[in-house]
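Encoded as structure tokens, the structure appears first; notes follow it.
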Amino acid sequence: MAPELLGVLVTAGPRVGRIVEVEAYCGSEDPGSHAYGGPTPRTATMFGPPGRLYVYFSYGMHWCANVVCGPDREAGAVLLRAAAPVRGIDAMRAARPRAKRDRELTSGPARLCQAFGIDGTFDGADLVTADRGVALASDGHLVAPDDMAASTRIGLSAGADLPWRWYVPGDPHVSGRPR
DNA sequence: CCGCCGATCTTT
DNA sequence: AAGATCGGCGGG
């Protein structure tokens, strides 16, 4: 489910980005997931139907966004970690004045949300009907398996050994240092 | 370019 | 008390 999102476009009004880095979080069985151990008020969206955005507040100041996937009530989610800006770069820069280079616009889960104007009010947004202006789209330019790499997920202690991060090696918009 | 540290608040 | 992070600062 997760690697198939590489190469897919995220759109929010004039802003368009191509997803180059994702992480899978596999429901209440995954010790690294917010859904681990069962639902809480904060994670309600993850336990709902697929195709919605699960947005959470991180480290007291950042928003991060996941695509809910898999069956209703299973709480599968794919964290959008990085995208390559395609269009609407002016709007992204305006939303992220701290970014000094274009590569800092969307290279990280909280940066991506800031650039696309995604905050807590987007939790539960429907990505299929784009009821809040955010959607996923494909232009046919998908990433081939040979052009992907996998690694462990970033920033976790629980579930740190599971290789559920996928990215496009060599793409300058992938977060962190190359691995 | 790299590593360290503080910010800030929700959840456990 | 720790966390699915980021950016500023100092050193190489």
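In what follows, chains carry the letters A, B, and so on, assigned in the order in which the sequence lines appear, proteins first and then strands, with residues in each chain numbered from 1. What you see is a predicted model, and the numbers here were worked out from it, not measured in a lab.
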Q: Looking only at side-chain atoms of A:L79, point me to the closest of C:dA4, B:dT12, C:dG3.
A: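 Ranking C:dA4, B:dT12, C:dG3 by closest atom to the A:L79 side chain puts C:dA4 first.
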**Q.** Nucleotide of C:dT5, C:dC6, B:dA7 approaching A:M61 most closely (side-chain heavy atoms)
**A.**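 From the listed options, B:dA7 comes nearest.
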So how far is it from [X] [atom1] to [Y] [atom2], rounded to the nearest 0.5 Å?
| X | Y | atom1 | atom2 | result |
| --- | --- | --- | --- | --- |
| A:Y56 | A:T45 | OH | OG1 | 13.5 Å |
| A:L136 | A:L9 | CG | CG | 9.0 Å |
| A:S175 | A:I154 | OG | CD1 | 4.5 Å |

Gap between atoms [atom1] and [atom2], on [X] and [N] respectively (whole Å):
| X | N | atom1 | atom2 | value |
| --- | --- | --- | --- | --- |
| A:R101 | C:dG8 | CZ | P | 13 Å |
| A:R81 | C:dT5 | CZ | P | 5 Å |
| A:E104 | C:dG8 | CD | P | 9 Å |
| A:Y54 | B:dT10 | OH | P | 13 Å |
| A:D30 | C:dA4 | CG | P | 11 Å |
| A:Y56 | B:dT12 | OH | P | 14 Å |
| A:L156 | C:dG3 | CG | C1' | 10 Å |
| A:H62 | B:dT8 | NE2 | C1' | 9 Å |

Q.
So for A:Y59 and C:dA4, does any side-chain atom that can act as donor or acceptor lie under 3.5 Å from a complementary atom in the base?
A.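 Under the 3.5 Å cut-off, the side chain and the base do not form any donor-acceptor pair.
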So, OP1 or OP2 of [N]: does either fall under 4.0 Å of a side-chain N or O from [X]?
| X | N | answer |
| --- | --- | --- |
| A:R111 | C:dG7 | yes |
| A:R98 | C:dG8 | yes |
| A:S157 | C:dA2 | no |

Q: Look at A:R52 together with A:D123 and state whether they make a salt bridge at an N to O cut-off of under 4.0 Å.
A: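 Salt bridge flag = no for A:D123 with A:R52.
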Q.
Working note: A:M148 + A:V168, criterion side chain to side chain contact (heavy atoms under 4.5 Å, CB included); need CA distance, chi angles, decisive distance, verdict.
A. CA-CA 5 Å; A:M148 302 177 180; A:V168 180; 5.9 Å; no
Q: Give one of base, sugar-phosphate or nothing for A:G32, where a contact means two heavy atoms less than 4.0 Å apart.
A: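 Base contact.
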Q: Answer with base, sugar-phosphate or nothing: what part of the nucleic acid does A:F57 contact at a heavy-atom distance below 4.0 Å?
A: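 The residue A:F57 makes sugar-phosphate contact but no base contact.
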Q) In the structure shown, which nucleotide is the Watson-Crick or G-U wobble counterpart of B:dT8, with both distances under 3.5 Å? A)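 Partner of B:dT8: none.
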Q.
Nearest heavy atom decides the nucleotide; on that basis, is A:S33 or A:Q114 closer to the 5' end of DNA chain C?
A.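 The answer here is A:S33.
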Q. With nearest nucleotides of DNA chain C determined for A:G155 and A:K100 from heavy-atom distances, which residue corresponds to the more 5′ nucleotide?
A.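 By nearest-heavy-atom nucleotide position, the 5'-most residue is A:G155.
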Q. Using centres under 5.5 Å plus planes under 30 degrees as the test, is A:Y25 stacked with C:dA4?
A.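 By the stated criterion, A:Y25 and C:dA4 stack.
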